[in-house]
Amino acid sequence: MTTPMVKAEGVHKSFGAAHILKGIDLEVAPREVFCLVGPSGSGKSTFLRCINHLEQINAGRLSVDGQLVGYRQKGDKLYELKDSEVALQRRDIGMVFQRFNLFPHMTAIENVMEAPIQVKGEAKAVARARAEKLLDRVGLGDKTKNYPSQLSGGQQQRVAIARALAMEPKLMLFDEPTSALDPELVGDVLDVMRGLAEDGMTMIVVTHEMGFAREVGDALVFMDDGVVVESGHPRDVLTNPQQDRTKAFLSKVL
Ligand SMILES: Nc1ncnc2c1ncn2[C@@H]1O[C@H](COP(=O)(O)OP(=O)(O)OP(=O)(O)O)[C@@H](O)[C@H]1O
């Protein structure tokens with residue numbers, strides 16, 4: 001049996017008295033494009049942040065590629081990771097946010113080079129060659145020396161994707177990657193994501209782009225108020241939702 005890339009079992013997360021994730025169970029298979037949709041405030045970003053260990057879960061089990069997030073197993077004992085070890089574990093996961101989070105004082109290529117140099121301590125020339133290749137892959141081979149202010153929102157987001165890929169992650173998390181973009185720039189970013197999917201990257205995508213979910217997604221989960229309401233193949237859930245809450249949501253976004 002293949003190890004799931006992500007496995008959540010009864011995952012709970014609260015912020016103070018606010019109970020946000022209320023027992024999430026799901027599995028993401030390797031090479032799967034897994035779409036996560038739901039109303040604002042339902043806990044989608046929080047769930048992504050738990051996978052990346054930017055937030056710590058309060059109860060349940062959450063693993064990435066068979067390893068419990070935030071823990072190291074030795075024999076049958078579990079040890080909580082130190083901060084330095086968390087950074088190592090996080091290297092397997094690339095994250096792309098709604099806001100591109102590029103360094104404004106660095107060029108596109110410097111932004112992409114930043115991650116691997118810091119983490120792997122490798123020669124600058126190696127990192128530069130890889131960054132050039134990655135920028136080429138996202139269609140920005142001619143913009144390597146541009147600063148973020150000299151790039152469109154869509155181009156900045158593609159730099160952010162290239163930067164996340166520079167870590168050679170096993171898993172990519174996308175948190176509404178096109179929501180902050182002008183409509184005419186959305187397609188280029190989705191095309192890059194489609195390319196990654198074709199190359200076999202495992203991806204969890206929080207999105208309102210139902211067309212992308214339908215065409216590219218292998219699985220779709222509808223989440224509301226911290227629970228998984230409905231899941232299945234995107235074509236099935238989007239064309240024939242079974243739950244009233246899913247129907248109500250889709251009637252607003254489709
Ligand atoms: N660090 C935090 N401290 C307190 N509350 C938080 C924190 N992070 C998130 N929340 C709350 O958790 C709830 C879920 O937020 P989350 O961003 O996960 O939802 P979402 O489904 O991704 O929504 P959106 O589509 O608007 O991004 C919200 O009510 C939010 O205010």
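Counting starts at 1 for both ligands and their atoms, in listed order. Just the heavy atoms: all of them, side chains too, but no hydrogens, waters or symmetry mates, feed the values below.
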Intermediate values then yes/no, side-chain hydrogen bond (donor to acceptor under 3.5 Å, both in side chains), D225 and S42: CA-CA 4 Å; D225 196 21; S42 54; over 6 Å; no

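- Side-chain atoms of R90 come within 3.5 Å of backbone atoms of N52 as a donor-acceptor pair (strictly under, hydrogens ignored).
- F15 CE1, 3.5 Å is the protein heavy atom nearest to atom 9 (C) of ligand 1.
- Protein heavy atom at the shortest distance from atom 26 (O) of ligand 1 is S40 OG, 2.6 Å.
- Residue contacts with ligand 1: E55 is placed with no nitrogen or oxygen under 3.5 Å of a nitrogen or oxygen of the ligand (distance criterion only).
- Of all protein heavy atoms, the one lying nearest to atom 17 (O) of ligand 1 is S45 CB, 3.5 Å.
- For atom 12 (O) of ligand 1, the closest heavy atom belonging to the protein is I20 CD1, 3.2 Å.
- Inside a 4.0 Å radius of atom 7 (C) of ligand 1 there is at least one protein heavy atom.
- Residues D191 and R194 are paired through a salt bridge, judged by an N-O separation under 4.0 Å between the basic side chain and the carboxylate.
- Annotation: side chain of L62 is not in contact with side chain of L68 (no heavy-atom distance under 4.5 Å).
- The shortest contact between atom 18 (O) of ligand 1 and any protein heavy atom is with T46 OG1, 2.5 Å.
- For Y79 and Y71, the distance between ring centers is not under 6.0 angstrom.
- Residue, atom and distance of the protein heavy atom nearest to atom 19 (O) of ligand 1 are G43 N, 3.3 Å.
- With hydrogens and angles ignored, the 3.5 Å screen pairs a side-chain donor or acceptor of Q150 with a backbone N or O of Y147.
- In this structure, P39 has a heavy atom closer than 4.0 Å to ligand 1.
- Contact between M106 and N111 at its shortest, heavy atoms only, is O-ND2, 3.1 Å.
- For atom 14 (C) of ligand 1, the closest heavy atom belonging to the protein is G41 O, 3.5 Å.
- Taking a 4.0 Å cut-off on heavy atoms, E176 registers as neighbouring ligand 1.
- Within the 4.5 Å cutoff, no side-chain heavy atoms of E176 are placed close to those of V96.
- No salt bridge links R72 with E80; every basic N to acidic carboxylate O contact stays at or beyond 4.0 Å.
- Ligand 1 is never approached by A18 to a heavy-atom distance shorter than 4.0 Å.
- Protein heavy atoms come within 4.0 Å of atom 22 (O) of ligand 1.
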